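Model, not experiment: these values are computed from the prediction.
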Amino acid sequence: MGEKSQSRGWCGWFIALVVLAVVVVAVVFTIRAKTGHSDDGGDGPVPGPPGAIDKKYSDALKIAMQFFDIQKSGKLENNKIPWRGDSGLKDGNEVNLDLSKGLYDAGDHMKFGFPMAFTATVLSWSILEYGDQMEAVNQLKPAKDSLKWITDFLINAHPSENVLYIQVGDPSVDHKCWDRPETMTGKRPLTKIDTETPGTEVAAETAAAMASASLVFKDNDPQYSSTLLKHSKQLFDFADKYQSSYSVNIPEVQTFYNSTGYGDELLWAASWLYHATEDKTYLDYVSEKGNDFGNFGNPTWFSWDNKLAGTQILLSRLSFFKKGLSGSNGLKGYKETAEAVMCGLLPNSPTATSSRTHGGLIWVSEWNSLQHPVSSAFLATLYSDYMLTSRIGKLSCSGKTFRASDLRKFAKSQADYMLGKNPTGMSFLVGFGEKYPKNIHHRGASIPADATTGCKDGFKWLTSEDPNPNIAYGALVGGPFLNETFVDSRNNSMQNEPSTYNSALVVGLLSSLVTTSSALESLK
């Protein structure tokens with residue numbers, strides 16, 4: 001009796017172990033399938049809801065988003081910045097337009113349409129790709145609100161098909177004052193482009209901004225989306241028909257936002273219009289004009305001035321997700337150059353760029369040095385997610401194989417450097433971490449909110465050695481020099497001035513890192 005009971009017990013345990021083994025094997029295969037770990041070389045997540053929140057990037061994103069509110073012009077709604085108030089309320093009055101909204105460019109009170117439109121385009125792209133990640137940490141609504149603050153301005157700045165107001169304020173006048181935007185008294189002249197004084201790059205970038213934003217608002221506000229798309233089409237036609245650089249036609253802009261060419265903006269705008277409309281005319285445009293403007297085979301840096309790398313990544317979406325797309329053969333050069341851009345960023349690639357600091361930060365320019373590493377990291381996460389979603393497991397760089405996870409690792413390295421993992425031990429995102437710049441080159445932050453200041457006497461706040469009385473949360477300063485030094489001085493505008501287009505890029509990057517990310521197969 002006892003022997004039989006032991007036999008039955010042994011058999012029962014054996015059966016249980018077999019069943020458990022089968023379950024474990026099934027779970028392993030399921031996990032491998034879901035995460036893309038398979039024999040085809042896939043790795044990482046697949047499309048689906050966001051995973052666990054990474055607190056570091058989530059906290060940084062919440063801080064970064066605040067800088068848009070700090071930069072807002074006009075009659076503020078639900079103002080959450082205690083030291084900001086209404087300003088620029090009469091902007092545009094001289095031509096009977098309401099140009100009071102929009103964002104101040106940097107530490108001054110200028111509204112430069114070219115980089116402002118780029119800010120809107122990048123912010124739209126970030127929302128379209130990573131809106132679910134933003135929503136997971138309650139940042140989607142603030143992002144959309146900030147985007148609409150810009151696009152409201154852009155709509156009003158485009159009163160007729162071939163007229164676009166591209167600048168509010170005169171830099172030579174504006175920069176002679178150091179005052180709060182709420183109390184500024186300097187003249188606010190307007191600059192425009194039209195058929196007699198065209199500016200292809202500004203018109204095309206504004207078209208890109210409106211096309212991308214039309215996708216953001218398509219579901220929740222279809223009428224507003226339709227308005228944006230109408231303006232976008234008109235501006236693209238204007239830009240394409242009257243091809244001429246605004247830097248040539250309006251030489252005064254060269255000191256601040258000089259354009260090195262407009263072909264990239266035409267391709268960028270047409271790419272966004274195709275995504276917004278699926279009108280093959282725009283796909284044909286980028287296919288036909290690629291050899292003229294695409295600079296195929298030559299990787300470039302993504303910035304407010306040069307949109308080629310961004311265009312190449314954006315059009316790669318179609319190569320990844322729309323295999324049978326009619327006319328897609330003309331996208332080959334874009335996809336191949338996008339791969340070259342990625343290979344140049346990967347530090348262990350045979351074609352890796354040498355434009356880096358000793359600590360590994362991509363470094364291209366003394367002025368606003370963080371723009372290029374942040375923009376590069378943003379593009380790297382996008383491409384990584386395109387690879388993961390389409391189950392493309394490998395990227396070949398001159399015979400050496402890399403995976404999507406390598407691109408994401410690179411992106412994190414740039415983000416972590418920016419957030420304090422660098423030789424200075426300083427976070428370059430104001431408000432994040434224990435050590436960050438306290439004397440940024442920013443008028444509103446440097447002057448007490450209750451100060452009575454005119455144009456000239458406000459300069460005492462510029463030269464003061466005391467920390468800024470107001471913290472400009474979310475401001476991403478220019479960044480370190482090549483030798484990885486940084487001087488936290490208010491007079492050091494080269495390193496210590498923030499900009500709104502930097503904020504759009506950093507919001508996109510941080511949104512992609514907040515959770516395990518993937519890509520939607522369509523932006524529509």
**Q** Roughly how far, to the nearest 0.5 Å, is the CG atom of L345 from the OG1 atom of T353?
**A**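 Interatomic distance, T353 OG1 to L345 CG, rounded to 0.5 Å: 8.0 Å.
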
**Q** By salt bridge (Lys or Arg N to Asp or Glu O under 4.0 Å), which residues pair with K335, not counting sequence neighbours?
**A**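 Result, salt bridge (Lys or Arg N to Asp or Glu O under 4.0 Å) vs K335: E339.
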
**Q** Nearest 0.5 Å please: distance from the NE2 atom of H275 over to the OG atom of S212.
**A**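 If we round to the nearest 0.5 Å, H275:NE2 and S212:OG are 11.0 Å apart.
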
**Q** Which atom names give the shortest non-hydrogen contact between A504 and S126, and what distance separates them?
**A**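 Closest pair (atom of A504, atom of S126, distance): O-OG, 4.0 Å.
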
**Q** Can you pull out every disulfide (SG to SG under 2.5 Å) where at least one residue sits in residues 346-395? Sequence neighbours excluded, please.
**A**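 Residue pairs with at least one partner in residues 346-395: there are none.
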
**Q** Going through the checks in order, is the side-chain contact (heavy atoms from CB on, under 4.5 Å) test met by I81 and K72?
**A** CA-CA 10 Å; I81 311 300; K72 285 179 179 176; over 6 Å; no

**Q** Within 45 degrees of the ring normal and closer than 6.0 Å to the centroid, is that where the cationic atom of K438 sits relative to Y436?
**A**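 Judged by the rule (NZ or CZ under 6.0 Å from the ring centre, within 45° of its axis), K438 counts as positioned above Y436.
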
**Q** When you measure from the centre of the six-membered ring of Y224, is the NZ or CZ of K148 closer than 6.0 Å and no more than 45° off the axis?
**A**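 The answer is yes, since K148 meets both limits relative to Y224.
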
**Q** With a cut-off of 6.0 Å (strictly less than), are more than 12 heavy atoms of other residues, nucleotides or ligands near NZ of K56?
**A**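 Check passes, neighbour count above 12.
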
**Q** Run the numbers on W301 and S376 for side-chain contact (heavy atoms from CB on, under 4.5 Å), then give the verdict.
**A** CA-CA 7 Å; W301 301 108; S376 297; 3.5 Å; yes

**Q** Indicate the atoms forming the closest heavy-atom contact of S499 with N368, along with that distance.
**A**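 For S499 versus N368, the nearest heavy atoms are OG-ND2, 4.2 Å.
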
**Q** Sequence neighbours excluded and cut-off under 3.5 Å, please list the side-chain donor-acceptor pairs for residues 111-120, or say none.
**A**
unit_1, atom_1, unit_2, atom_2, d
K111, NZ, S73, OG, 3.0
K111, NZ, D91, OD2, 2.9
K111, NZ, L99, O, 2.7
K111, NZ, S100, O, 3.1
K111, NZ, K101, O, 2.9
T119, OG1, P115, O, 2.9
T119, OG1, Y501, N, 3.4

**Q** State which residue, out of Y246, W304, W367, fulfils the ring-ring contact (aromatic ring centres under 6.0 Å, His included) condition with Y257.
**A**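 Running ring-ring contact (aromatic ring centres under 6.0 Å, His included) over Y246, W304, W367 with Y257 returns exactly one hit, W304.
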
